[in-house]
Amino acid sequence: MAEQNLALISFDGVHLLLPQGGVATIETVSRVERESSESGAIGTLKAGGGEWPAYALASDFTPQTECPPSYKYCVAINRNNQAAFSLVCEQVGTVSVVSEDELKPLQACMRTNRNPIESLLLKDDKLMLVSDIEAMQHYLLPEAAA
Amino acid sequence: MNISEAWLLDCGNSLTIAVGDHEMAEYHQQRSYHSVPGSPGYCSNVLVWQNNIVPVMDLSALQYGAGGELENFSVCVLNYQETPKTPLQHLALRVVRAPQKIRVDDEHACEIPDNLQSGILSQVCLACFNYDGLPVMVLDIAQLCSAEFRDLANAA
């Protein structure tokens with residue numbers, strides 16, 4: 001497996017990894033307009049001609065109705081070159097995965113239809129949750145992902 | 001008469017199960033756990049143990065539908081194999097006290113009592129025996145961790 005770069009999106013003690021290639025832009029949370037037609041979204045990120053519904057997730061992935069003050073950034077995610085969603089968060093970074101063995105698939109007993117987590121990664125003494133864009137979109141916007 | 005060594009695990013709410021001696025890996029008090037969002041309520045945490053990421057399952061919550069306190073609980077880390085000659089895998093079970101090593105013989109075998117038979121865990125029960133007047137189920141840990149059982153539990 002070639003080295004894989006994943007976007008690290010951290011909020012409320014959670015370290016979420018998504019494919020780096022899906023990141024369209026990273027903006028400050030002040031760019032989020034606090035109105036959205038999407039259920040569960042705190043607003044809409046408008047940047048560079050694109051619009052992404054913005055979600056503020058708690059540690060259990062429950063969408064929050066208000067953006068916590070510690071969430072400073074908004075990461076816009078595209079799927080198939082189309083605006084999919086954006087996540088507000090406390091920190092953004094990059095993690096490189098050099099071996100498929102580093103990614104531990106989520107065990108069968110922990111999977112549900114609603115679970116967007118595909119695998120887990122232990123790195124730098126942190127447990128990171130690995131998802132993909134389609135799974136996250138299905139979790140946040142079930143109708144749009146269908 | 002067939003005598004076996006086993007471990008009694010008190011999972012809370014008067015639910016005591018047994019696992020084979022070879023299945024017990026370690027007992028831990030007050031480990032730190034990581035939450036995995038979107039997972040079933042009875043198995044929504046993992047612990048890092050010997051560089052493995054191990055699911056933590058609350059059998060009492062699974063059997064009776066009530067979750068316990070997630071802080072400061074103890075676990076028993078178990079070994080299992082999905083099939084023979086495959087790598088060892090691990091599951092941690094939430095327990096309310098230290099496990100107890102016992103010896104069991106065939107004379108202790110009994111039917112699964114009605115109150116346990118009606119619960120989901122009877123679907124993965126290999127055998128049942130009486131110990132100090134208490135019915136104890138011996139569970140198939142590989143089956144407990146399977147996708148088939150998860151679907152059954154999530155539909156219940």
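Lettering of chains follows the sequences in order, A, B, ..., and the numbering in each one begins at 1. Note: hydrogens, waters and symmetry copies are ignored here, and every other heavy atom, side chains too, is used.
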Which bit of [X] comes within less than 4.5 Å of chain B, counting heavy atoms only: side chain, backbone, both or neither?
X: A/Leu129; result: side chain
X: A/Leu106; result: side chain
X: A/Leu120; result: both

Going from [atom1] on [X] to [atom2] on [Y], what distance comes out if it is rounded to the nearest 0.5 angstrom?
X: A/Cys109; Y: B/Tyr42; atom1: SG; atom2: OH; answer: 7.5 Å
X: A/Asp60; Y: B/Ser44; atom1: CG; atom2: OG; answer: 9.5 Å
X: A/Arg114; Y: B/Asn154; atom1: CZ; atom2: CG; answer: 13.5 Å
X: B/Ile53; Y: A/Leu121; atom1: CD1; atom2: CG; answer: 7.0 Å

So does [X] have more than 12 non-hydrogen atoms from other groups sitting under 6.0 Å from [atom1]?
X: A/Tyr73; atom1: OH; value: no
X: B/Asn115; atom1: CG; value: yes
X: B/Gln81; atom1: CD; value: yes
X: A/Gln20; atom1: CD; value: yes

Do [X] and [Y] land in one hydrophobic cluster if side-chain heavy atoms of ILVMFWY residues count as linked below 4.5 Å?
X: A/Leu141; Y: A/Ile117; value: yes
X: B/Val138; Y: B/Ile102; value: yes
X: B/Val77; Y: B/Leu88; value: no
X: A/Val92; Y: A/Ile42; value: yes

So, for [X] and [Y], which heavy atoms are closest and what is the spacing to 0.1 Å?
X: B/Ser146; Y: A/Ala108; result: C-CB, 4.2 Å
X: A/Asn115; Y: B/Pro37; result: OD1-O, 3.3 Å
X: B/Arg150; Y: A/Arg111; result: CD-O, 2.8 Å

Do the non-hydrogen side-chain atoms of B/Val46 and A/Met110 ever get within less than 4.5 Å of each other? yes

Backbone N/O of B/His90 and side chain of A/Gln107: donor-acceptor pair under 3.5 Å: no

